[in-house]
A.B. asks: 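Pasting a structure below so you can have a look.
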Amino acid sequence: MDITNFKTIIIECDGILINHYQGILNKIYELQQNLPQNIPFKKSLIRDYMEHYHNKSDSLTDNGFCALHCFTFQALMEQNQISFNWKRTFQFGRAMKHWPLYEDAYGALHYLKKFFKILIRCDREPEDIPYIINDLDIQSNDLIIRNDKEDGLIDELKFREIDVSSCLLITTPDIAKTNPFPNTKIIHRNQFKQNSDSHGDTLASLVVEHQNAIRNSWH
């Protein structure tokens, strides 16, 4: 897939630009300090968390982004027989606006903006959108807020009078399964800041791919 064939790139916010995996783990371990610290247990937490979240994603519009994550947090605590209360659940939910960026996210995003129209797709409550705009240094009209309709992204692009065939979606494996799109590039991000036994994809590699495509066009 030649990235230069596209005019618009849609980038998934959580999982591609924002390391929500690390943000989720950081808050869980802050609230539950006696949990095992080993990588296999952390992987299990993230796997079960994301499975719960995506199984509930069809209620996103009715419940909202924050509530959906709060329900998922509670389900995960119950599954692991860990005590929780509503105070801790609300503390978990309020921490989502502080999820960290991947180290290469800001630079790669603003490099790509020089060559493509860039749209960011995310799940967020209205009051948390300013945090996304500030962290990524983007405009509000650069955002597409997800809904629970399978064709929601295509409908939004048509509303904006953007040719769907000219768009490339950069997304995660989980979301690609539940939200199909004609032109999709899946990036497998590393879930942890420091994990020597796992190597994830980077957005920086997409920048290199674009630079190589430009160089090849010169020949």
A.B. asks: Heavy-atom distance under 4.5 Å between the side chains of Cys13 and Ile132, does that happen here?
C.D. replies: yes

A.B. asks: Could you check, using the six-membered ring where one of them is a Trp, whether Tyr102 and Tyr106 have ring centers closer than 6.0 angstrom?
C.D. replies: no

A.B. asks: Which atom pair, heavy atoms only, marks the closest approach of Asp14 to Asp123?
C.D. replies: OD2-O, 4.2 Å

A.B. asks: Is there a path from Ile9 to Val208 through hydrophobic residues (I, L, V, M, F, W, Y) whose side chains come within less than 4.5 Å of each other?
C.D. replies: no

A.B. asks: Run the ring-centre check on Phe71 versus His52 and record whether the distance is less than 6.0 Å.
C.D. replies: no

A.B. asks: How long is the gap from CD1 on Ile175 to CD1 on Ile170, to the nearest 0.5 Å?
C.D. replies: 12.5 Å

A.B. asks: Quick one: closest heavy-atom pair of Ala105 and Leu17, and the distance?
C.D. replies: CB-O, 3.4 Å

A.B. asks: Just checking His69 against Phe92, ring centres under 6.0 Å apart?
C.D. replies: no

A.B. asks: With a 3.5 Å distance limit and no angle check, can you tell me whether Asp104 reaches the backbone of Leu203 through a side-chain donor-acceptor pair?
C.D. replies: yes

A.B. asks: Looking only at heavy atoms, which two atoms of Ala95 and Lys27 are closest? And how far apart?
C.D. replies: CB-CD, 3.6 Å

A.B. asks: Measuring from atom CD of Glu12 to atom CG of Leu153, what distance do you get when rounded to the nearest 0.5 angstrom?
C.D. replies: 8.5 Å

A.B. asks: Would you mind reporting whether Ile11 and Arg121 have side-chain heavy atoms less than 4.5 Å apart?
C.D. replies: no

A.B. asks: Donor-acceptor pair, Glu125 side chain versus Phe65 backbone, under 3.5 Å?
C.D. replies: yes

A.B. asks: Kindly say whether Ile82 contributes a backbone atom to a donor-acceptor pair with the side chain of Asn80 at under 3.5 angstrom?
C.D. replies: no

A.B. asks: If you count heavy atoms of other groups shown closer than 6.0 angstrom to CD of Gln139, is the number above 12?
C.D. replies: no

A.B. asks: Please check: side-chain N/O of Asn134 versus main-chain N/O of Pro130, any donor-acceptor pairing under 3.5 Å?
C.D. replies: no

A.B. asks: Given 3.5 Å as the limit, does a donor-acceptor pair link the side chain of His110 with the main chain of Leu136, or not?
C.D. replies: yes

A.B. asks: Does the side chain of His210 come within less than 4.5 Å of Tyr111's, by heavy atoms?
C.D. replies: yes

A.B. asks: Could you tell me whether the side chains of Thr172 and Asp174 share a donor-acceptor contact shorter than 3.5 Å?
C.D. replies: no

A.B. asks: Considering non-hydrogen atoms only, spot the tightest contact between Leu157 and Cys167 and give its length.
C.D. replies: CD1-SG, 4.0 Å

A.B. asks: Within the 4.5 Å heavy-atom criterion, are Leu45 and Ile24 side-chain neighbours or not?
C.D. replies: no

A.B. asks: Between Ala176 and Thr171, what is the shortest heavy-atom contact and its length?
C.D. replies: CB-CG2, 3.9 Å

A.B. asks: Before you tell me yes or no, could you show the steps for Leu119 and Ile162 under side chain to side chain contact (heavy atoms under 4.5 Å, CB included), namely the whole-Å CA-CA distance, both residues' side-chain angles and the distance that decides it to 0.1 Å?
C.D. replies: CA-CA 11 Å; Leu119 297 172; Ile162 297 174; 3.9 Å; yes

A.B. asks: Near Lys185 NZ, under 6.0 Å, is it more than 12 heavy atoms from other residues, nucleotides or ligands?
C.D. replies: no

A.B. asks: With distance as the sole criterion, is a donor-acceptor pair present between the side chains of Asn85 and Arg88 under 3.5 Å?
C.D. replies: no

A.B. asks: Any cation-pi pair here, Arg189 with Tyr21, using under 6.0 Å and within 45°?
C.D. replies: no

A.B. asks: Look only at the side chain of Ser44 and the backbone of Pro40, and say whether a donor-acceptor pair between them is shorter than 3.5 Å.
C.D. replies: no

A.B. asks: Given side chain to side chain contact (heavy atoms under 4.5 Å, CB included), test Ile129 with Ser140 step by step and report yes or no.
C.D. replies: CA-CA 8 Å; Ile129 288 176; Ser140 59; 5.6 Å; no

A.B. asks: Could you walk me through whether Asn38 and Lys42 pass side chain to side chain contact (heavy atoms under 4.5 Å, CB included), step by step?
C.D. replies: CA-CA 6 Å; Asn38 60 80; Lys42 290 181 178 181; over 6 Å; no

A.B. asks: Measuring from Asp128:CG to His98:NE2, what's the distance to the nearest 0.5 Å?
C.D. replies: 8.5 Å

A.B. asks: To the nearest 0.5 Å, what is the distance between CD1 on Ile133 and CG on Asp142?
C.D. replies: 8.5 Å

A.B. asks: Tell me, do Asn63 and Lys56 make a side-chain contact under 4.5 Å, heavy atoms counted?
C.D. replies: no

A.B. asks: Should Phe116 and Ile3 count as side-chain neighbours, where that means a heavy-atom distance under 4.5 Å?
C.D. replies: yes

A.B. asks: In terms of side-chain heavy atoms, does Asn26 have a donor or acceptor partner in Glu30 at a distance below 3.5 Å?
C.D. replies: no

A.B. asks: Does any part of the side chain of Ile10, heavy atoms only, come nearer than 4.5 Å to the side chain of Phe181, both counted from C-beta?
C.D. replies: yes

A.B. asks: Report, as yes or no, whether the 6.0 Å neighbourhood of atom NZ on Lys7 holds more than 12 heavy atoms from other residues, nucleotides or ligands.
C.D. replies: no

A.B. asks: Any donor and acceptor pair, going by atom type alone, linking the side chain of Glu209 with main-chain N or O of Ala204 inside 3.5 Å?
C.D. replies: no

A.B. asks: What's the separation between atom CZ in Phe6 and atom CG in Leu169, rounded to the nearest 0.5 Å?
C.D. replies: 10.5 Å

A.B. asks: Roughly how far, to the nearest 0.5 Å, is the CE atom of Met77 from the OG1 atom of Thr72?
C.D. replies: 11.0 Å

A.B. asks: Determine whether Ile186 and His188 make a side-chain contact, defined as any pair of heavy atoms from C-beta on separated by less than 4.5 Å.
C.D. replies: yes

A.B. asks: Between Arg160 and Glu156, does a salt bridge (charged side-chain N to carboxylate O under 4.0 Å, His left out) hold up when you go through it step by step?
C.D. replies: CA-CA 6 Å; Arg160 297 188 185 208; Glu156 176 64 23; 2.8 Å; yes

A.B. asks: Set out, in order, the CA-CA distance, both residues' side-chain angles and the distance that settles side chain to side chain contact (heavy atoms under 4.5 Å, CB included) for Arg124 and Tyr131, then state yes or no.
C.D. replies: CA-CA 10 Å; Arg124 282 297 183 277; Tyr131 291 92; over 6 Å; no

